[in-house]
Asker: 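Below you will find the structure I want to go over with you.
Residues take their numbers from the sequence shown, with the count starting at 1. Only a predicted model underlies this, so the values are computations on that prediction, with no experimental measurement involved.
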Amino acid sequence: MVTCSHIRKELLLDATSADLEVQEHIRSCPACAAYARKHEQLDNATRCELRWEVPSDLTANLLTMTLSQAAFAAALSPQPKRWHVICAYIATTASILLSLLIGWQVFELVAAQVDVQAQITQAMALPGQWVAQLTQSMPQSRYVVDFAMRAHTQLLWLLMAAFVWAILDKWNPQQAIQQRQSA
């Protein structure tokens with residue numbers, strides 16, 4: 001059931017709501033109909049006040065000023081000098097190297113606290129432990145594991161062949177030649 005407060009909330013969001021449920025309620029409820037007329041008048045008045053036309057001479061003057069300022073700015077700021085570009089590249093490279101060095105120092109401090117070598121050794125032993133646990137709980141699974149171990153090399157070759165195929169499928173020498181000739 002639709003209440004007057006629900007309808008009034010809808011009318012606050014959209015004074016000219018085309019929702020059939022809202023329109024039906026407005027026809028049957030005089031208080032909501034008056035509320036809708038009041039808000040529709042307020043909405044129309046607000047729209048009229050917010051709508052205004054820009055004088056065409058103002059638009060033309062602004063465009064002229066913008067274009068002349070753009071031409072002036074282009075004349076004043078030519079391409080950056082070569083030494084500016086080189087300095088920017090050197091500063092960028094130095095900041096990247098400094099960040100990497102700081103990151104390495106932080107990593108060494110954390111690695112000393114955590115004993116990374118022991119963690120890596122433990123992580124490398126996990127797959128073997130999982131396989132042993134799997135074969136203990138389900139003895140028949142060792143046949144699947146043995147097959148996967150034997151097929152491992154062949155599967156890697158198939159993966160590499162699929163990768164090379166994808167690269168060659170996208171590579172079109174005729175298109176590369178045409179691009180070079182058109183440039």
Asker: Quick one: list whatever passes salt bridge (charged side-chain N to carboxylate O under 4.0 Å, His left out) with Arg82, sequence neighbours left out.
Answerer: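 Counting only residues at least two positions away or on another chain, Arg82 forms no salt bridge (charged side-chain N to carboxylate O under 4.0 Å, His left out).
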Asker: Enumerate donor-acceptor pairs with a distance under 3.5 Å from any side-chain N or O in residues 93-102 to protein atoms, sequence neighbours excluded.
Answerer:
from, atom 1, to, atom 2, distance (Å)
Thr93, OG1, Tyr89, O, 2.8
Ser95, OG, Ala91, O, 3.3
Ser95, OG, Thr92, O, 2.8
Ser99, OG, Ser95, O, 2.9

Asker: By side chain to side chain contact (heavy atoms under 4.5 Å, CB included), which residues pair with Lys81, not counting sequence neighbours?
Answerer: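 For Lys81 the side chain to side chain contact (heavy atoms under 4.5 Å, CB included) partners, ignoring immediate neighbours, are Trp83, His84.
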Asker: How long is the gap from SG on Cys32 to CD on Glu10, to the nearest 0.5 Å?
Answerer: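 If I round to the nearest 0.5 Å, the distance is 12.0 Å.
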Asker: To which residues is Leu63 joined in a hydrophobic cluster, defined by side-chain heavy-atom contacts under 4.5 Å among Ile, Leu, Val, Met, Phe, Trp and Tyr, whether direct or through other members?
Answerer: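 Besides Leu63, the hydrophobic cluster comprises nothing; the residue is isolated.
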Asker: With sequence neighbours excluded, tell me which residues meet side chain to side chain contact (heavy atoms under 4.5 Å, CB included) with Gln119.
Answerer: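 Scan of Gln119 (side chain to side chain contact (heavy atoms under 4.5 Å, CB included), adjacent residues dropped) gives Val114, Gln122.
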Asker: Run through the side-chain heavy atoms of Ile, Leu, Val, Met, Phe, Trp and Tyr, join any pair under 4.5 Å, and report what else lands in Leu42's cluster.
Answerer: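 Leu42 shares its hydrophobic cluster with no other residue.
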Asker: With sequence neighbours left out, write down each residue that passes side chain to side chain contact (heavy atoms under 4.5 Å, CB included) with Ala132, or none if nothing qualifies.
Answerer: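 Listed in chain order: nothing, the list is empty.
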Asker: I want to check something: taking the side chain as every heavy atom from C-beta on, are Ile86 and Ile90 in contact at a cut-off of under 4.5 Å?
Answerer: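 Yes. Closest side-chain heavy atoms under 4.5 Å.
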Asker: Does a sphere of radius 6.0 Å around CD in Gln105 hold more than 12 heavy atoms from other residues, nucleotides or ligands, not counting ones at 6.0 Å or beyond?
Answerer: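 Buried by this count: over 12 neighbours within 6.0 Å.
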Asker: Which atom pairs, donor and acceptor, lie under 3.5 Å between side-chain atoms of residues 142-162 and protein residues at least two apart or in another chain?
Answerer:
none

Asker: Got a sec, which hydrophobics cluster with Leu109, joining ILVMFWY side chains under 4.5 Å apart, including via others?
Answerer: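 Taking Ile, Leu, Val, Met, Phe, Trp and Tyr as members, Leu109 stands alone, with no cluster partners.
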Asker: Give every residue pair that meets the side chain to side chain donor-acceptor pair (under 3.5 Å) criterion with at least one member in residues 23-35, sequence neighbours excluded.
Answerer: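 Qualifying pairs: Tyr35-His39.
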Asker: Which residues end up grouped with Phe107 if you chain together Ile, Leu, Val, Met, Phe, Trp and Tyr wherever their side-chain heavy atoms are less than 4.5 Å apart?
Answerer: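 Noted: Phe107 shares its cluster with Trp104.
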Asker: Residues two or more places apart in sequence or in another chain: which of them pass side chain to side chain contact (heavy atoms under 4.5 Å, CB included) with Ala34?
Answerer: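 Scan of Ala34 (side chain to side chain contact (heavy atoms under 4.5 Å, CB included), adjacent residues dropped) gives Arg37.
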Asker: Could you tell me which non-hydrogen atom of Thr135 sits nearest to which non-hydrogen atom of Ser141, and how far apart they are?
Answerer: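 The answer is CA-OG, 3.7 Å.
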